[in-house]
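A short write-up of the structure that comes next.
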Amino acid sequence: MKTESQQKGKIETIETLRGIASLAVCLFHLTKTNLPLEGSAAILSKIFAFGWLGVEVFFVVSGFIIPYSMIKGKYTLSHFFRFLAKRCIRIEPPYLVSILMIIVLGYISMYMPGYKEGSFNLSIGQVASHVAYLPTHLGFEWLSPVYWSLEAEFHYYILIALILPIMFKGKTWMMSVFALLLAASYIIPLYVFSYMPFFIAGIAACALRFEKLTKLEFGIVVLICMAVSIHRDQPAAMYLSIGATAGAIAWLNIKSKVTDFLGKISFSLYLVHVPIGSKCLNFLGRYANSEFRQWLIFIFGLVVCIVAAWLFYLLVEKPCQKYSHKLRYSS
């Protein structure tokens, strides 16, 4: 059996992965603004070109931490609606506040001198579709390029709440469910199934943690998930991230004050870096007439993102965390 310190270390690794993933996505999007990156500053676009992989890391992390928390909380199928209530309290208010932030900043930006992003037009239907994560299915565009992943996460919450009690009955049940889910990933046109290999790799790491799978079985499941990703013609970086993230969760103990902080504000950073950071760089881009200024503005934009995320965490996300934790499965 693993010691308590080992178990704590593994959870600290989760915080580290969250922090790195969120920062990577943030840096990736900051290189896609109207800020010119030329000369030595052009290396920023190359360094952070694969920052989008942070989303895939989040999927593996969710695959692990959601069932881990449910098992620790003694979840049963009778707790289905309470579990969804906990997740909605935890996720929905910050998500909705970030939507409001995008709308307000979007309209304000149109009246700023030097605005270059085109007209900002919304319909009531487009905004309303975001509440239930339905823009893709109703023909609307997402208000933020990160929101589509929240649809995948929300559907994963529903799915794991239904199958967890069955899946953890034994290895035969678990492997059968894994096989069905991977098969469904070829048929069902939802983001959660498109990225099912990532979620399953995380679930397998959770099963290893609770000794429901051996190290060899865990390794085989992860390799199968990578093989499915390869067969679906997903980029090499994606299927390699499955093995790297699942392996880090299972066997690495990574902790630092910096990554602990980034892990704490990771969801807030994920939500606010586009409306805050991108607007900041787009506005300041007009002053980036030298390589030095480009570096300075980029770093300033990153700092603004982190500070904004920290404030968003304190004012919006943290209170939601507290209310969610108060809602327990047991009466």
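Computed over heavy atoms, backbone and side chain alike; hydrogens, waters and symmetry mates excluded. As the structure is a prediction and not an experimental result, all values here were calculated from the model.
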Legend entry - Over 12 non-hydrogen atoms of neighbours within 6.0 angstrom of CD in Glu141: no

Legend entry - Hydrophobic cluster partners of Leu296 (side-chain heavy atoms under 4.5 Å): Phe292

Inset, instruction - Would you please name every residue forming a salt bridge (Lys or Arg N to Asp or Glu O under 4.0 Å) with Arg90, sequence neighbours left out? - result: Glu317

Inset, instruction - Can you establish whether the number of heavy atoms outside Leu314 located under 6.0 Å from its atom CG is more than 12? - result: yes

Legend entry - Pairs touching residues 201-245 that satisfy ring-ring contact (aromatic ring centres under 6.0 Å, His included), sequence neighbours left out: Tyr68-Phe210, Tyr186-His231, Phe218-Trp251

Legend entry - Contact list for residues 156-168, test side-chain hydrogen bond (donor to acceptor under 3.5 Å, both in side chains), sequence neighbours left out: Arg87-Tyr157

Inset, instruction - Report yes or no: does Thr33 contribute a side-chain atom to a donor-acceptor pair with the main-chain N or O of Ser278 at less than 3.5 Å? - result: no

Legend entry - Qualifying residue, where the test is ring pair (Phe, Tyr, Trp, His ring centres under 6.0 Å) with Tyr195 and the options are Phe198, Phe199, Phe193: Phe198

Inset, instruction - Mark yes or no for whether His155, through its side chain, and Ala152, through its backbone, hold a donor-acceptor pair below 3.5 Å. - result: no

Inset, instruction - Tell me whether the guanidinium CZ or amine NZ of Arg82 lies under 6.0 angstrom from the six-membered ring centre of Phe80 and within 45° of its axis. - result: no

Inset, instruction - Say whether, by atom type as modelled, one donor and one acceptor occur between the side chain of His130 and the main chain of Leu143 under 3.5 angstrom. - result: yes

Legend entry - Polar side-chain atom of Ser22 near backbone of Ser266 as donor-acceptor pair, under 3.5 Å: yes

Inset, instruction - State, with a plain yes or no, whether a side-chain heavy atom of Ser185 is found less than 4.5 Å away from one of Val228. - result: yes

Inset, instruction - Say whether, by atom type as modelled, one donor and one acceptor occur between the side chain of Lys318 and the main chain of Tyr313 under 3.5 angstrom. - result: no

Inset, instruction - Return yes when atom CH2 of Trp310 has more than 12 non-hydrogen atoms of other residues, nucleotides or ligands closer than 6.0 Å, and no otherwise. - result: no

Legend entry - Criterion ring pair (Phe, Tyr, Trp, His ring centres under 6.0 Å) against Tyr147, the qualifying member of Phe140, Phe154, Tyr95, Tyr191: Tyr95

Inset, instruction - Sorted by first residue and then second, give each side-chain hydrogen bond (donor to acceptor under 3.5 Å, both in side chains) pair with at least one member in residues 47-56; sequence neighbours left out. - result: none

Legend entry - Residue pair Ser149, Tyr270: steps toward the side-chain hydrogen bond (donor to acceptor under 3.5 Å, both in side chains) verdict: CA-CA 11 Å; Ser149 65; Tyr270 194 70; 2.6 Å; yes

Inset, instruction - Sort and list the pairs that fulfil side-chain hydrogen bond (donor to acceptor under 3.5 Å, both in side chains) and have at least one residue in residues 166-184, not counting sequence neighbours. - result: Lys171-Glu217

